[in-house]
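Sequence lines set the chain letters: A, B, ... in the order given, protein chains first and strands last, and positions in each chain run from 1.
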Amino acid sequence: MKIVLKGGRILDPSQDLDVIGSVVLENDQIAEIGTKVDERGADELYDCTGCWITPGLVDIHVHLREPGYSHKETIITGTQAAAAGGFTTIACMPNTDPPLDNPALIDFLLDQSSSPEAGGVFVAPIGALTQEMKGERPSDFAALKRAGVVAASDDAFPLQNSAVMQRCMELCRQVDLPVATHCEDQSLTMGASMNEGAMSAVLGLRGMPRTAEEIHVARNCLLSFETGCPLHILHVSTWGSVAIIEQAKDLGAPVTAEVCPHHFSLIDDQMPPFDTHWKMNPPLRTKLDVETLISALAAGIIDCIATDHAPHARHEKDVPFEQAPFGIVGLETAVGVTLTHLTHKGLLSPLETVRKLSTRPAEIYRLDAGTLKPGRTPVAQVAVIDPDLEWTFDVNKTFSKGKNSPYHGCVFKGKTMLTFSGGEVYRDQHWDKRPQVQNA
Amino acid sequence: MRLIGIREMDVDQIENLIAFSLRLKAACRNGGELPSLHGKSVGMLFLEDSTRTRVGFEQAALRLGLHTTSFGMQGSSMSKGESLKDTVLTLKSEGIDGLVMRHKCSGAAMLAADLFEGPVINAGDGMHEHPTQALADAMTIIENRDSVAGLVVAIVGDALHSRVARSNIWSLTKLGAEVRLVGPKTLLPKFPAGLPVEICHDLHSGIQGADVVMALRLQKERMTSGLISSTGEFASLYQINSRALRFAKPDCIVMHPGPINRGIEIDDATADGSQSVITQQVENGVYVRMAAFAYVFGLNGEQQRKSKARSRAS
């Protein structure tokens with residue numbers, strides 16, 4: 001089987017490549033890449049004129065909800081949503097029921113995700129930082145790592161006890177496993193459901209102060225510096241956190257950080273009153289935070305973009321704001337939001353955009369992804385993105401089971417057209433409307 | 001129609017509702033004719049404890065011939081875990097014409113109104129709004145001062161957690177008053193930019209020259225959660241008493257939305273004193289709730305008078 005992706009703009013940050021050219025896939029491997037390739041004998045030919053050809057995108061912060069919450073999402077629907085978004089490798093969080101704190105559960109997850117229905121998307125599990133995610137005893141990191149976890153995290157249940165965090169980092173350092181932390185001092189956020197600001201004061205909602213996040217960012221950076229454990233800061237949302245992360249990196253602490261598309265595109269004041277599709281943790285902040293997050297991403301202080309894809313069932317969000325669960329879906333809007341709010345505004349170059357969505361996140365968890373170099377990934381992982389396609393996001397037409405998105409009805413510029421991974425092809429409906437000849 | 005919050009109402013709506021409430025008060029006292037909602041039914045969903053608001057709505061309904069079905073958390077299917085959504089849809093399917101709702105969560109009334117798609121009155125939602133209380137307060141001020149415009153109103157105490165304060169801020173400023181929030185930093189909003197108020201942490205400067213001083217209830221849980229050190233300290237700094245009132249205008253009126261903690265946010269003598277209009281606020285609550293029912297059911301004062309005039313002419 002030979003597939004030729006012809007005449008697109010090849011963007012591969014792993015080799016600083018930004019050229020017009022073609023990519024040849026042969027037997028699910030990248031065979032050739034360049035301005036002049038051998039098209040002869042192609043079984044399928046895709047005319048990629050005007051599109052980007054990039055390494056498959058990588059999302060290192062996804063909630064797949066299985067086992068335990070398959071009414072919110074399943075591994076299958078989650079990976080299908082990933083493929084539709086251009087993602088070929090995703091890392092999934094351990095806050096399932098039971099939590100992913102032992103090798104048997106990791107086996108289950110890897111087994112499910114390798115089914116043909118999963119769209120060929122690679123799932124890299126993140127293990128629980130503490131047993132049962134109770135915040136008390138560290139998990140068996142050596143066993144988890146052998147089973148295939150790529151990091152350990154307390155996401156959704158942020159570790160309040162600094163001693164436990166310190167010990168977890170020591171032990172993860174010993175087996176060379178990155179620790180990913182949700183930074184929140186929960187004594188400051190009790191009963192709170194949005195950013196503490198002018199809007200929370202008007203709506204009469206308890207506010208989450210920015211300091212609740214920043215105290216834990218500072219604490220975890222200090223512990224990373226002390227233990228030498230690679231620390232990944234999840235969903236950075238405040239300018240203060242950016243300042244602390246920059247300082248920690250300057251000190252030489254092995255710290256990385258991510259930002260979510262909603263945190264660089266929406267602010268708390270824009271929320272329609274009590275719309276639970278705008279409720280997530282950390283909450284949407286202010287204009288100053290958005291501006292700081294974007295410049296920190298461009299400067300590399302924040303390393304990458306991750307979605308924190310957090311699907312919930314409709315009935316769980318159809319409740320009073322304070323009682324609704326935190327989280328929004330993100331896999332199928334990440335490209336649209338990022339290109340619309342960053343790339344087309346000139347805040348991030350196309351090559352840097354792909355770096356933040358693919359190459360850099362792959363590096364953080366040392367995943368075999370994020371590159372078009374032949375032979376560097378087990379199978380070819382490629383996305384084709386039309387950067388100029390304008391489209392309206394309809395949450396009712398997504399692959400994800402979760403319909404909890406603040407972007408429903410938004411117009412974006414930029415969409416994933418094709419995703420190639422693990423021998424599977426996702427083809428967007430917009431692709432077929434393109435005027436070009438598609439098949440050889 | 002719905003009555004969810006004062007923030008989304010315009011000045012005309014607020015003024016009309018108060019004027020209508022004043023006419024209803026006069027009619028009730030003089031044995032005049034009242035609008036009739038006979039044959040209509042309302043569900044009274046009080047999912048949080050209440051005395052004056054609940055009784056106020058029941059009295060108002062009684063005088064309008066409106067049938068009420070009253071229930072709370074206990075004794076309804078909500079104790080079996082039925083959601084707010086399903087409860088509202090159930091009432092709607094059973095032919096209930098309107099809803100009055102009290103809920104512990106901010107925004108719950110808006111959610112219920114969106115689902116019910118009919119007359120809904122917010123009887124207090126979390127820390128968000130309590131519109132009928134604010135209308136009763138504005139009506140009481142008008143009865144005592146003719147107009148709200150140009151007055152200085154000091155709201156003293158726990159404004160952060162108070163839905164009454166939020167609704168009063170909107171109604172009083174829309175009617176032209178200057179509103180000050182007075183209290184300790186831990187009980188006032190940290191980012192008040194969205195609210196048209198002045199923030200003051202000192203009682204004396206806060207009520208300096210005030211025409212209206214409104215004390216808010218201090219909930220006991222504010223101490224257990226460490227927002228203040230003790231009720232004694234709070235009382236010594238923020239209690240409305242004769243000493244504090246020396247700084248306000250000599251003829252200022254004293255208000256309290258209730259329930260009162262006597263000896264904490266207000267002393268006994270002031271609560272029962274000649275400047276206090278607290279019982280008037282409670283009484284006016286009934287007329288405002290009558291007006292609110294008529295408003296959400298689409299009867300307004302003008303129509304009522306016209307129909308009366310027509311019946312006289314015929």
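Nearest heavy atom pair, residue B:Cys105 against residue A:Pro320, reads CB-CB, 3.6 Å.
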Which donor-acceptor pairs sit under 3.5 Å apart between chain A and chain B?
{"residue": "A:Ala201", "atom": "O", "partner": "B:Arg166", "partner atom": "NE", "Å": "2.5"}
{"residue": "A:Ala201", "atom": "O", "partner": "B:Arg166", "partner atom": "NH2", "Å": "3.2"}
{"residue": "A:Gly204", "atom": "O", "partner": "B:Ser106", "partner atom": "OG", "Å": "2.5"}
{"residue": "A:Asp318", "atom": "OD2", "partner": "B:Lys85", "partner atom": "NZ", "Å": "2.9"}
{"residue": "A:Glu322", "atom": "OE2", "partner": "B:Ser106", "partner atom": "N", "Å": "2.5"}

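Between chain A and the residues B:Gly107, B:Gly5, B:Gly194, the largest count of heavy-atom pairs under 4.5 Å involves B:Gly107.
Proximity to chain B is limited to the backbone of A:Val319, based on heavy atoms less than 4.5 angstrom apart.
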